[in-house]
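Letters go in sequence order (proteins before strands), and every chain restarts at 1.
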2 protein chains.
Amino acid sequence: MKEVLLVGGGNMAWHLAPQLSDRQLEVTVLRARSRETRELWPVRQIVWDQLDEVRPNLLILAVADDAIGPISERLATVFPPETFVLHTSGATPAGSINEHFLHRGVLWPIRSLVKGGTVHPWTETPLVYFAETEDLRGSLKRLVEDLSQLTYFLGDAQRSTLHLCATISNNFVNALYQMSYQLCEEQDIPFAALLPIIRATAERQTPGPPKRWQTGAAFRGDTATMERHLQQLEEQPQLAAVYRLLSDLIAKQ
Amino acid sequence: MKEVLLVGGGNMAWHLAPQLSDRQLEVTVLRARSRETRELWPVRQIVWDQLDEVRPNLLILAVADDAIGPISERLATVFPPETFVLHTSGATPAGSINEHFLHRGVLWPIRSLVKGGTVHPWTETPLVYFAETEDLRGSLKRLVEDLSQLTYFLGDAQRSTLHLCATISNNFVNALYQMSYQLCEEQDIPFAALLPIIRATAERQTPGPPKRWQTGAAFRGDTATMERHLQQLEEQPQLAAVYRLLSDLIAKQ
């Protein structure tokens, strides 16, 4: 696993390329178009017409979930079946890679990649990996353990659940922060006043159940406070629905 | 404001007492019952029968929201109208303190206080305060600025909105963490794998809109992934409802 062809020009490829090339791998990025500024990428870039210039042992498909099938089908006409092939999707089975390839797998970092976000070293980024064959599993294990201290070998179903949980713990949580931000903004209250509690709530989580940290009106069954909160959301029915549903969830958890 | 009578034996009083006595105030705690172990409290404790032993300039009612009215009514028979009186509720108007008292106000720390949680210094805990009179406002401003670097003078309506927002950003977020925990547990996936993304999502918040950090299927309008997620929640209708509602919120934010 010395020469890697990384397919894709998005956030995932952008964050992954420097991690791989820092690990003594010869990384080339394959992109659909060549017109974007090449010097911004720390590794060699090629377009589809230049595919005969590379002989990768490993293909990494850092592309949209629904492009994994079509792109791996196209690569199947160029590279031999023995080539190791990974995709980087949390939500997609390894089997969505074209069956021409004998060694199919997944490398999924549990991380929210935003353009403009800082590129941190990946040593503390959990890496979920999967391989359909023992050969790929061995190589991939060495690679992920070289990249991060937190690695998890999980099958398609477990990875898919973990992807759902990451969505809940990151995207949905961020939506609640935004809901708070909007309510503060309407009344000229600085959102900064909430940053310490936001961070404390996240920081006190342990591998154990978050339930042990639950406080608040819904948890205490304090209906008077809940009614007062709902009155404040009277003119925002969608936010009131979120309030009711999550209070109900807390009461049942 | 030298002698303080702190009313209540709950988490708020427990966390507030050492902060106040560290600031050269003479703090006495008034509790309903005396049988609990006294040595655990760092300050003097009394029960109602001993009220004639103290002459506080400041009363702090660290009691349940619906006890503020009745308890301040009872204290009104003992202490003069000039005594400064605060409650510590984010959700309750200052006017719920008995009108016998001329100087009524609020001191509300934006913090989730859990028994067994570490007692941190309050210098970085946002303190929201309010006073109905200029006399109380001046004294209270000095006190809160001595306790914390983050202080906010906010009226009843603003404080009430901020309390709602703290509930959303802390209790509701914690409920989502617990939802993730349960889904992981069902499939023997370590919840620890999510701790880095949980912390990163909280840590990257700034005083600006959280929306700028939004990623994920709902944000991209990726209905295929959302359908796959919902299939995983097929047998848990309440969790599926949370998923649908928050995805819809993200799409509209």
Side-chain angles (χ1 to χ4, degrees), chain A residues 65-66 91 110-112 114 124-126 152 158 161-162 164-181 183-184 187 189 191-199 201-203 205 207 209-211 213-216 224-225 228-229 232 238 241-242 245-246 249-250 253, chain B residues 65-66 91 110-112 114 124-126 152 158 161-162 164-181 183-184 187 189 191-199 201-203 205 207 209-211 213-216 224-225 228-229 232 238 241-242 245-246 249-250 253:
Chain A
D65 294 3
D66 57 5
I110 312 184
R111 170 160 266 192
S112 175
V114 182
E124 287 171 27
T125 294
Y152 301 88
Q158 282 181 310
T161 297
L162 195 48
L164 167 59
C165 291
T167 300
I168 294 165
S169 304
N170 166 35
N171 303 146
F172 288 1
V173 162
N174 199 76
L176 292 181
Y177 296 155
Q178 176 66 22
M179 179 174 162
S180 290
Y181 176 85
L183 289 167
C184 283
Q187 289 196 44
I189 302 163
F191 179 64
L194 291 170
L195 293 177
I197 202 171
I198 282 175
R199 288 179 185 144
T201 303
E203 277 157 23
Q205 300 306 322
K211 196 178 156 177
W213 302 116
Q214 197 55 279
T215 60
T225 301
R228 238 186 327 245
H229 281 160
Q232 296 179 59
Q238 194 183 22
V242 170
L245 194 57
L246 289 176
L249 184 71
I250 290 170
Q253 270 176 345
Chain B
D65 294 4
D66 56 6
I110 312 184
R111 170 160 266 193
S112 175
V114 183
E124 286 171 29
T125 293
Y152 302 89
Q158 282 182 310
T161 297
L162 195 49
L164 167 59
C165 291
T167 300
I168 294 166
S169 304
N170 166 35
N171 304 147
F172 288 3
V173 161
N174 199 75
L176 293 181
Y177 295 155
Q178 176 66 23
M179 178 175 161
S180 290
Y181 177 86
L183 290 167
C184 283
Q187 289 195 41
I189 303 163
F191 179 63
L194 291 169
L195 293 177
I197 202 171
I198 282 175
R199 288 180 185 143
T201 302
E203 276 158 22
Q205 300 305 323
K211 196 178 155 175
W213 301 116
Q214 198 54 279
T215 59
T225 300
R228 237 185 327 245
H229 281 159
Q232 296 179 60
Q238 193 182 22
V242 170
L245 194 57
L246 288 177
L249 183 71
I250 290 170
Q253 269 176 346

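- Contact detail for A/Leu249 and B/Ala175: the closest heavy-atom pair is CD2-O, 4.1 Å.
- In this structure, chain A has heavy atoms under 4.5 Å from both the backbone and the side chain of B/Ala193.
- Annotation: side chain of B/Pro196 is not in contact with side chain of A/Ile110 (no heavy-atom distance under 4.5 Å).
- A heavy-atom distance below 4.5 Å is found between the side chains of B/Gln205 and A/Asn174.
- Side-chain atoms of A/Leu183 and B/Ile168, non-hydrogen and from C-beta on, do get closer than 4.5 Å to each other.
- When the candidates A/Ala91, A/Ala192, A/Cys184 are compared by the number of heavy-atom contacts under 4.5 Å with chain B, A/Ala91 comes out ahead.
- Comparing A/Ile250, A/Thr225, A/Asp66 by how many heavy-atom pairs each has under 4.5 Å with chain B, the most go to A/Ile250.
- The structure places CD of A/Gln178 at 6.0 Å from NZ of B/Lys211, a figure rounded to the nearest 0.5 Å.
- Take A/Glu203 and apply the side chain to side chain contact (heavy atoms under 4.5 Å, CB included) test, not counting sequence neighbours, and it matches A/Arg199, B/Glu203.
- Looking at A/Leu162, both its backbone and its side chain come within 4.5 Å of chain B, counting heavy atoms on both sides.
- In this structure the side chain of A/Leu176 reaches within 4.5 angstrom of the side chain of B/Leu246, judged on heavy atoms.
- Looking at every heavy atom in both residues, B/Gln187 comes nearest to A/Gln158 through O-NE2, 3.0 Å.
- Proximity to chain B involves both the backbone and the side chain of A/Ala166, based on heavy atoms less than 4.5 angstrom apart.
- With contacts defined as side-chain heavy-atom distances shorter than 4.5 Å, the pair B/Met179/A/Leu164 does not qualify.
- B/Ala202 and A/Tyr177 make their closest contact through CB-OH, 3.8 Å (heavy atoms, listed as atom of the first residue, atom of the second, distance).
- Distance check: B/Ser169 OG to A/Ile198 CD1 gives 4.5 Å after rounding to the nearest 0.5 Å.
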*Go through the steps to decide whether A/Thr201 and B/Asn170 satisfy the test side chain to side chain donor-acceptor pair (under 3.5 Å), and finish with yes or no.*
CA-CA 6 Å; A/Thr201 303; B/Asn170 166 35; 2.9 Å; yes
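- The candidate from B/Pro209, B/Pro126, B/Pro207 with the greatest count of non-hydrogen atom pairs under 4.5 Å with chain A is B/Pro209.
- Between A/Ile197 and B/Ser112 the shortest heavy-atom distance is CD1-N, 3.8 Å.
- With chain A as the partner, the residue from B/Gln253, B/Arg228, B/Glu124 showing the most heavy-atom pairs under 4.5 Å is B/Gln253.
- For A/Gly216 against B/Asn171, the heavy-atom pair with the smallest separation is CA-OD1, 3.3 Å.
- Scanning for ring-ring contact (aromatic ring centres under 6.0 Å, His included) contacts around B/Phe191 gives B/Tyr181, with sequence neighbours left out.
- No side-chain heavy atom of A/Val173 sits under 4.5 Å from any side-chain heavy atom of B/Phe172.
- For a residue to count as touching a neighbouring chain, one of its non-hydrogen atoms must lie under 4.5 Å from one of that chain's; by this rule A/Thr167 touches chain B with the side chain only.
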